[in-house]
Amino acid sequence: MTLQPPSLKTIPQHVALIMDGNGRWAEANGKSRIEGHREGAQSVRAVLRAAANLGVKVVTVYAFSTENWKRPPSEIEGLMKLFIESLNTYEEELHNSQIRLRIMGQIERLPAPVRKRIEKAMRQTEHYSAHTLVIALSYGARTEITHATQQIAQAVANGTLQPSDISEEHITNNLYLPDIPDPELMIRTSGELRLSNFMLWQLSYAEIVVTDTLWPDFREPQFYEALKEFNHRKRRFGALDSTKGSS
Ligand code: FPP
């Protein structure tokens with residue numbers, strides 16, 4: 001049965017998601033952690049479908065952080081296999097809804113088979129412009145900002161940039177995906193009130209919706225609820241009325 005999307009006044013262009021709670025879902029359902037992640041991968045598919053139905057242009061999912069490399073090797077290995085498996089299952093969705101796949105993070109740290117599968121999916125979808133799925137993989141915002149700072153410092157050292165000319169645009173332009181607009185909405189599942197090193201620069205003006213739902217239980221209805229909540233927020237960007245001062 002296809003669920004009808006709600007009619008909403010404002011559809012965010014870019015929704016970013018911290019997919020938390022796979023482990024807790026597994027424990028509550030008597031399953032292994034990797035089974036929790038596998039069920040979570042189905043939620044990504046459901047959210048992609050819902051977002052495409054509503055006309056959200058960009059969806060970013062936090063699939064693996066720089067800190068996740070500290071997890072037990074067996075879980076890391078299971079997740080890497082799952083990323084390959086998931087890209088195989090998402091393929092149909094990517095083509096049907098004309099979704100371009102992009103990756104944000106230290107792609108060079110990923111095992112070669114994962115890199116190859118990602119590169120293939122990116123190549124096969126690079127001509128799509130209607131929607132974009134960004135997977136944050138081996139991603140950390142502090143590493144991203146440090147990397148941007150190094151590039152800017154290099155331009156100063158080369159004499160092509162004066163320190164006093166460094167602007168916010170220079171930092172934005174040296175992040176991993178400078179052409180992607182900032183998320184207007186960030187959803188975090190499983191109730192934790194943290195940013196966990198996720199898109200610290202880009203989320204400056206985002207509305208944050210935290211739900212107690214564990215990620216594997218987060219499907220179309222929960223995504224629509226989060227968008228309804230976003231529609232109830234008054235976005236003022238630091239100004240006194242609804243005039244957009246900066247974003
Ligand atoms: C956090 O839950 C989740 C992750 C670290 C992995 C998320 C990955 C997926 C959902 C697979 C998606 C695949 C693609 C290709 C996008 P947790 O393990 O920290 O949960 P816990 O806090 O309950 O232990």
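Here the structure is a predicted model, which means the values were calculated and not measured. Whatever order the structure lists ligands and atoms in, that order sets their numbers, starting from 1. Computed from heavy atoms alone, side chains included, the values below leave out hydrogens, waters and symmetry copies. Residue numbers start at 1 and run along the sequence shown.
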Between Glu91 and Arg117, does any NZ, NE, NH1 or NH2 come within less than 4.0 Å of an OD or OE carboxylate oxygen?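 Result for this pair is yes, salt bridge flagged.
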Are any of the side-chain nitrogens in Glu119 or Arg123 under 4.0 Å away from the carboxylate oxygens of its partner?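 A salt bridge is absent here (no side-chain N lies under 4.0 Å from a carboxylate O).
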Using the ring-ring contact (aromatic ring centres under 6.0 Å, His included) rule, collect all pairs that involve residues 66-118, keeping only residues at least two apart or in two chains.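 Output for this query lists Phe64-Trp69, His95-Tyr128.
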Validation row: Tyr139, Tyr62 side chains within 4.5 angstrom (heavy atoms):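 Result yes, sub-4.5 Å side-chain heavy-atom pair found.
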Please tabulate, one pair per line, all N/O donor-acceptor pairs under 3.5 Å involving side-chain atoms of residues 150-158, not counting sequence neighbours.
residue, atom, partner, partner atom, Å
Gln154, NE2, Asn158, OD1, 3.1
Asn158, ND2, Gln154, O, 3.4

Extract all N/O-N/O pairs under 3.5 Å that connect ligand 1 to the protein, and present each with both atom names and the distance rounded to 0.1 Å.
residue, atom, partner, partner atom, Å
ligand 1, 18 (O), Arg33, NH2, 2.8
ligand 1, 18 (O), Arg71, NH1, 2.8
ligand 1, 19 (O), Asp20, OD1, 3.4
ligand 1, 19 (O), Arg71, NH2, 2.8
ligand 1, 20 (O), Gly21, N, 3.4
ligand 1, 20 (O), Asn22, N, 3.2
ligand 1, 20 (O), Gly23, N, 3.1
ligand 1, 22 (O), Asp20, OD1, 3.1
ligand 1, 22 (O), Arg24, NH2, 2.9
ligand 1, 23 (O), Gly23, N, 3.3
ligand 1, 23 (O), Arg24, N, 2.7
ligand 1, 23 (O), Arg24, NE, 2.8
ligand 1, 24 (O), Arg33, NH1, 3.2
ligand 1, 24 (O), Arg33, NH2, 3.3

Test side chain to side chain contact (heavy atoms under 4.5 Å, CB included) applied to Glu108 - qualifying residues, sequence neighbours left out: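 Glu108: side chain to side chain contact (heavy atoms under 4.5 Å, CB included) contacts with Gln106.
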